Visitor: 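The structure's right below; bear with me while I get my questions together.
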Amino acid sequence: MHQRHLPASPNWYCSRCSDINGRGVLGFGAKNTIYLLNVTASSPAVTGELTGHTERVSGFAFCPHDGQERICASTSDDKTVKIWDAGQKILLKEHNVHQSTISAVHWSPVQKLLLVTGDEKGIVVCYWFSSNDTQSFFPEPRTIFCLSCSPHEENYIAVGYKDGMIVVIDISKKGEVIHRLRGHDDEIHALAWCPQPREEPLYGRSEDKTGNQEINGVTETAEMGCYLASGSRDQTVRIWSTARGKGVMTLKLPFLKRRGAGVDPVVKERLWLTVHWPKGQPSQIVSSCFGGEIIMWDLMKSGKQKWSLLGSSSDGQNHSRIVFNMSSFRSGDRELLLSTSMDREIKCWDLASLECCWTLPTLGGFVYCLSFSPVGTGCLALGIGDSMIRVWNTLSIQNQYDIKTFWQGIKSKVTALAWHPLKEGTLAFGTDDGKVGINEVYSNKPPQISSTYHHRTVYSLSWGPPVPPMSFGGSGDKPSYSLYSCAGEGVIFQHDPWKLSGEASNIDKLIRDTNNIKHKIPPHTDLSWKPDGSVLAIGNEDGSIAVLKAPMLKLLCTVQQHHKIINSLRWHHEHSSQNELQYMLASGSSNAIVYVHDLKSAIETPSEIPVLMTESFRTLSGHTNKITSLAWSPHHDGRLVTVCYDGTAQVWDVLKEEPVCNYRGHSGRLLCVQWSTVHPDLVWTGGDDFTLHEWAVSKQEHVTPPKSKKRVEMEKKRGPQKKSKKKKAAPEKGGMKAEERELPLGEEIKGAAGSGAEEGQLENDKEEEERENTDGPSVTGNGPSFLLSSLAVSSASSRFCASSAVFEMSLRLSGYMSLKKRKPRSILPLSTSMDHRPKEELQQDCLTLAAVRYSHGNGTCVPGSGDHIQLGLFTDRDALYRMFQEEGDHVEAGHYDSMVYLRLWKGDPIGAINLAAEKGELTDHLLSLAPVAGYQVWARTVEAYVKQLCHHEQFLKAASHLVSIHKLYEAINLLKSHQLYREAIALARARLQPEDPVLKNLYMSWAAVLEKDGHYATAAKCYLAADSNFDAAKVIAKKGDVISLRTAANLAQISGESELAHSLSLRCAKDLMLFQDWTPAQEVLRTQGSLLGHRLVFSVNEILTQRLADTDVVTWSVASSHTWSKSCEENFLSMVHRVWQSEFGVAATDLVQVKMLHQQLRTVENPPATTSVPLKQLLFHMSLDVTLCALSQLLCDWPSVLEELLQALTRGYEAGHFTLMSVTFYKQKLDSTDERSLVISQSVEALVCYQLMYKKWWNYSAETSALTNNTISNGHRLTEKNHSEVEANCNGEAQSDVIFSEGFWKVLLSEPHANLQATQRAIAEIQRRVTSLIQQHNPCKDSHAKIPNSSFLSLLSSESLSTLTARVAEHHKALAAIPELVKKYPFPDVMECCIVLLHMEKHFTPFPPHIHSKATTLLCKYGTTELLCKAWKRLTQ
């Protein structure tokens, strides 16, 4: 389905999460999915996925038995084991015997279809796939890290544990432990059995030189047992003899010079030592090393260095981070090794040459953005959620995955990219944390980061011409291009690429100043510069698109088609064959519809007042979720690809308004798309499934996106996702795109603990944290826990601490023993505890006190301190203060209130308050005492108390205290910063002046929050209170229903925003028109005097609908209508004029008013019709043309009458609704000297005659029933429905004599128009041949592509590209010679009319000979194409 594919990164910290079978199919677990690759020595190819697990895949292994290579097994953190058929990619069986997280898996190489798994609780489960039986063993109560089944003894399994223990168990003896292999002192990461069954002597078996006697050169145990290799986190690889249960060799990892002389302890924490024993090399094993190196150990080699380094011949071959898994297979005569690593690369090694064959990069995050370099052909940049940029040379011949990775200076997800238009290798990037930088991809310099940061995620980057103030510098002082960035907070910055350290400018200021905008500008969500740099398109959060003229950013027009946030804008490229296509702008929003706008008139002939466009040029509907990205094909005209949250990419033919193909290869939602700049058939897409796909348009089997039910099935297929419990998500912050507030599906869960696919994954794994947290023993008890007071006691008073602890314990124990009221805790615990000593010591205290008081001091006794602290209470104040000091030092660590009381009693309120403030223990009581120490102390205390209250989230109380010290603005800001807008406004209204700007800022801030949360009515009140009437009306209209629009229009009218009221009223009326509710629609328009012209259009539409209600054309019911619109026998245009005069006061007597209305309606955008336009919309567009025609008639401007009538007829003709063409026909005499009028008249007559011709033909249904479903060259299908519509609408105007009159056919058989149409057909045919010729000789074209028919190939063989180009030039020259008036106005297909004439002559009444001759002559001269010749033969022979 896809050409090339970058898969998600293999999961980390798993003992066996990748494996390869004998057929060269590699499988590895990434997130909760298994990816399958076909591996050769030259390149890999992703072949599919196995999906079904709901959590991270923790293990994967192929069945090694012959004929069963396609059978594989996977384990997951969801505690299930699944068995798959990798060939058919289906689930065969599964079991959930394990109750804990599964950590190891292996297929038995001997027992057929035996799968062994182990979990973190130490349970080993054996599962026999053929019989569906299971058996569980519990050999050791330890955490299993890995296990491996013996390739020689069918019942032996080696199990490695987290604490370094290795056991070999025999499952035939109920899991009996055969050997316990002790030697490692840390985690066992991998186990590998020797492929050779006997234990041949190894060189240097230093660990067991005694005990083995050799007989005839072979040890006694040479024919029994098997060697086992183990890799551990203790940096050693050990070789064990399972015959004796002892280690025979220890290999210590080398400290490679390129990694430094020693190993940092942090590096040891990151070590993962995996081992692999290749099947064909019993004396060599492969292991990983410290920093991503892979080494080959030769067990028979003498000397200290037994190892060789893989990839040592050149730099860049080795992994740059630790290696987790290795597996090997034989491809032809080469033994290939596959390795996965933390550096998110899969490498293939040749074990003979020890060189790297190829590297497959993988992705560790969402693919947020793609960008092809406009200078470096085929150079594709990828912005990934793993905080890295990847630059892919997609045209590399030697390496099809030639990718460079850039991570320096990038600290967050890369969400936006943009190549410089001219400077090769200059790539701008934006990140999730709001940073914007520029990277030079062809240098090793770190990126330059702009000093101006966004507050939210950067969604869009674009290079464009400088605008003021940057454009004011001299020609040498300013760059030719500026870098523009748009982020989630709705701001667009202009950065100077020459001076990123300078401050970036916000272009909103320039837009306001240039366009004199007073109201609030809606937040911006995307921007796109027209390729020639003349026009900038900006998408906004409210769904509007502003089109501005550079360099002053003058507003040209506003497109109000979307009603939800704009996600993507793209201009059509400039090198198309049709010059007018460069003015097409495609836009995608969250409403799942893509609109294409033709802005040619707004850009080429701008009006003084910006135009409001409410109609799109093309509408592309089919997606079922938000549109995330768009891309125009640089190889085609009007070819667009869109991607969506429905998980598909859709290619559109915009000009035909038709879907081309739909790509459904992703398993998640799509986020970005790019069309290949080299191959016209290739498209690149990336999404939240962590993958990048390259796919061909021509190979897709689907045409349109799946319906919403398919989306539900897709979600079920992906399985329920569980959020990670490792850490809580950060609180949500505003300013993001409305639809981005919820994390994209799978963002949190796709990289569970230990998964290499987790975005922004930390270096240490979950097991690392467990290792640090479980080093100490845990103590438990059965009785009540008596907690000692946490008292900080100096060494001098340790004795008092012990006595205090005993006192505390006695108090607590008494609380458990009785229900008596507990005595309050003393604030003098040290001196109190001294009263509980033995009686002798208490009596000695009395003697000491007496000696101090009456003997004038005791040299060894200092009352109030040390061992005599209790005496401080009974002597002088100095002694009391000493006692207070020691008591305070003792209780300060646990009882701050006691210390505060002591300081207050000492007369130190400032110290007490400062102590409480430092400890965060201020109270209302202390605050009330603060004024005693003075105003400054009180003010500082209030501020400290406010901080303490805020810490406890008591914001209202904190604000009240700020008001008490006259800090009113700080109180308001405090309430505002914690989203208490209602309270903040109440306080500001009560205390501030009405004109204070803070009050308006409060209203505007609250309105923004309410608007984001969907409370539009309250937000509108805030805007009104802030005198922002424009924003009030806009927010009311944001809901988009009729009532809201009508309310918003009335509000705008009352508040003086006339232009906005005009726009909203018209939008409301159009919505009512779609429901055929005509009376309220006119009432809405009546409130706006400037909408009189639109009222006329709506009246014509209503009359036209009522007239068609009697036919099968209008089948819907009308909700309400006016009495004057009822159908009658009166001529249509006469009825319109009568209604206008009686109901709207518009008559021919007031020519000034009529002319003004005509000019007003001429400015209304009226896009061309297509066959896919809904009938209601088609009627509205025709009503506008008929209204202009009727106004021109009042002005007696007959050429304009016919021209506008011609537009209405053409619209019905192009849409395929013939019945609508006969409703509005009207004739007037013209000036015979006016060539333009005569040409228009001829086109009108031709279109009417064309209709009458088909009516006559269809009247002979009995004779021509077999032909009613044939398709003629203009694409009209003659169905029975059309036939019935025509019959129902016939009013007698088409008579038989008219059909056979000579003048009738003279109008249709126009040779100038036949010449014009033939020339256009010839040019189109040659262009098709040139395209086919180029595709046929394209070397990249797939050999299985469709081959043209033999006649066409023979034609191509006789024609060269130069010949076809010359013929095109000749036809263009002939086309230029045709008069412009002939080319300007539409005309029926003359060749079609000739064929119908000859058919009717054959089957019905013959025509005059000269008419027959003229038709035949025209066919022979201009109808030479293959399609016309077939139709001629079929209908006339």
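Since this is a predicted model, take the numbers as computed values, not measurements.
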Visitor: Just so I know, are the side chains of His1094 and Gln1088 near enough to count as touching, which here means a heavy-atom distance under 4.5 Å?
Guide: no

Visitor: Where do Leu483 and Pro497 come nearest, in terms of heavy atoms and distance?
Guide: N-CD, 4.3 Å

Visitor: Do Lys554 and Pro606 have side chains that approach each other closer than 4.5 Å (heavy atoms only, starting at C-beta)?
Guide: no

Visitor: If you count heavy atoms of other groups shown closer than 6.0 angstrom to NZ of Lys411, is the number above 12?
Guide: no

Visitor: Here's a test for you: under side-chain contact (heavy atoms from CB on, under 4.5 Å), which of Leu556, Leu548, Leu555 qualifies with Pro610?
Guide: Leu555

Visitor: Charged N to carboxylate O below 4.0 Å: is that the case for Lys1034 and Asp542?
Guide: yes

Visitor: First locate atom NE2 of His623, then atom OG1 of Thr628, and finally report the distance between them rounded to the nearest 0.5 Å.
Guide: 8.5 Å

Visitor: Between Val963 and Arg991, is any pair of side-chain heavy atoms under 4.5 Å apart?
Guide: yes

Visitor: Is any side-chain heavy atom of Leu987 closer than 4.5 Å to a side-chain heavy atom of Glu983?
Guide: no

Visitor: From the options Leu612, Ile603, Ile609, Leu599, select the one residue that forms a side-chain contact (heavy atoms from CB on, under 4.5 Å) with Cys557.
Guide: Leu599

Visitor: Measure the CG-CG distance between Leu1045 and Asp1071 for me, rounded to the nearest 0.5 Å.
Guide: 6.0 Å

Visitor: One pair to check against side-chain contact (heavy atoms from CB on, under 4.5 Å): Thr452 and Leu500. What are the steps and the verdict?
Guide: CA-CA 8 Å; Thr452 303; Leu500 285 179; over 6 Å; no

Visitor: Kindly assign one of parallel, tilted or perpendicular to the pair Tyr981 and Trp1006, based on the angle between their ring planes and the thresholds 30° and 60°.
Guide: parallel

Visitor: Is any side-chain heavy atom of Gln1053 less than 4.5 Å from a side-chain heavy atom of Thr1087?
Guide: no

Visitor: Given 3.5 Å as the limit, does a donor-acceptor pair link the side chain of Asn1001 with the main chain of Pro997, or not?
Guide: no

Visitor: Please check if any side-chain donor atom of His495 sits under 3.5 Å from a side-chain acceptor atom of Ser485, or the reverse.
Guide: yes

Visitor: Where the side chain of Asp996 meets the backbone of Val998, is there a donor-acceptor pair that is under 3.5 Å apart?
Guide: yes

Visitor: In Å, rounded to the nearest 0.5 Å, how long is the span from CD1 of Ile627 to CD1 of Ile565?
Guide: 13.5 Å

Visitor: How close do Ala1026 and Lys1000 get, heavy atom to heavy atom, and via which atoms?
Guide: O-CE, 3.3 Å

Visitor: Would one find more than 12 heavy atoms of other residues, nucleotides or ligands at under 6.0 Å from atom CD of Glu953?
Guide: no

Visitor: Could you label the plane-to-plane angle of the His519 and Phe1030 rings as parallel, tilted or perpendicular, counting under 30° as parallel and over 60° as perpendicular?
Guide: parallel

Visitor: If you look at every heavy atom in Ala418 and Ser462, which pair is closest and at what distance?
Guide: CB-N, 4.4 Å

Visitor: Less than 3.5 Å apart, any donor N or O on the side chain of Gln494 or Ser505 sitting next to an acceptor on the other?
Guide: yes

Visitor: Check Lys518 with Glu1057, please: is the shortest side-chain N to carboxylate O separation under 4.0 Å?
Guide: no

Visitor: Give a yes or no on whether the backbone of Leu1060 and the side-chain of Ser1063 come within a donor-acceptor separation of less than 3.5 Å.
Guide: no

Visitor: Taking atom NE2 as the centre, does His966 end up with more than 12 heavy-atom neighbours from other residues, nucleotides or ligands that are less than 6.0 angstrom away?
Guide: no

Visitor: Keeping the roles fixed (side chain from Gln560, backbone from His562), state whether a donor-acceptor pair exists under 3.5 Å.
Guide: yes

Visitor: Going by the side-chain contact (heavy atoms from CB on, under 4.5 Å) test, name the single residue among Asn439, Val458, Ile438 that passes it with Phe429.
Guide: Asn439

Visitor: Check whether Thr514 reaches the backbone of Met552 with its side chain - one donor and one acceptor, N or O, closer than 3.5 Å.
Guide: yes

Visitor: Which heavy-atom pair separates Tyr484 from Ile507 by the least distance, and what is that distance?
Guide: CE2-CG2, 4.1 Å

Visitor: Quick one: does His961's side chain get under 4.5 Å of Gln954's, heavy atoms only?
Guide: no

Visitor: Is the side chain of Thr1047 donor-acceptor paired with the backbone N or O of Ile1043 at a distance under 3.5 Å, no angle test?
Guide: yes

Visitor: Is a donor on one side and an acceptor on the other found under 3.5 Å between the side chain of Asp1031 and the backbone of Lys520?
Guide: yes

Visitor: Quick one: pull up CG in Asn625 and CG in Asn591 and give me the separation to the nearest 0.5 Å.
Guide: 11.0 Å

Visitor: Please say whether more than 12 non-hydrogen atoms of neighbouring residues, nucleotides or ligands are located less than 6.0 Å from NZ in Lys1021.
Guide: no

Visitor: Which heavy-atom pair separates Ser412 from Asp432 by the least distance, and what is that distance?
Guide: OG-CB, 3.1 Å

Visitor: Could you please spell out the steps behind the side-chain contact (heavy atoms from CB on, under 4.5 Å) verdict for Leu1024 and Leu1051?
Guide: CA-CA 10 Å; Leu1024 287 172; Leu1051 192 152; 4.0 Å; yes

Visitor: Determine the minimum heavy-atom distance between Asp526 and Ile566, stating which atoms define it.
Guide: CB-O, 4.5 Å

Visitor: Apply side-chain contact (heavy atoms from CB on, under 4.5 Å) to Arg1067 and His563, showing your working.
Guide: CA-CA 11 Å; Arg1067 182 176 160 191; His563 302 310; 2.9 Å; yes

Visitor: What do you reckon, is NZ of Lys1039 surrounded by more than 12 foreign heavy atoms closer than 6.0 Å?
Guide: no

Visitor: With a cut-off of 6.0 Å (strictly less than), are more than 12 heavy atoms of other residues, nucleotides or ligands near CZ of Arg512?
Guide: yes

Visitor: How long is the span from the OG atom in Ser568 to the NZ atom in Lys626, to the nearest 0.5 Å?
Guide: 11.0 Å

Visitor: Would you find a donor on one side and an acceptor on the other, under 3.5 Å apart, between the side chain of Ser451 and the backbone of Gly502?
Guide: yes

Visitor: Rounded to the nearest 0.5 Å, how far does CG of Leu370 lie from CG of Leu417?
Guide: 8.0 Å

Visitor: With a sphere of 6.0 Å drawn around CD of Gln979, does it hold more than 12 non-hydrogen atoms of other residues, nucleotides or ligands?
Guide: yes

Visitor: Would you please test Met1004 and Tyr1023 for side-chain contact (heavy atoms from CB on, under 4.5 Å) and show each step?
Guide: CA-CA 6 Å; Met1004 297 298 287; Tyr1023 284 130; 3.7 Å; yes

Visitor: Is it the case that more than 12 heavy atoms not belonging to Lys947 sit under 6.0 Å from its NZ atom?
Guide: no

Visitor: Any side-chain heavy atom of Tyr368 sitting closer than 4.5 Å to one from Val414?
Guide: no

Visitor: I want to check something: taking the side chain as every heavy atom from C-beta on, are Tyr595 and Val559 in contact at a cut-off of under 4.5 Å?
Guide: no

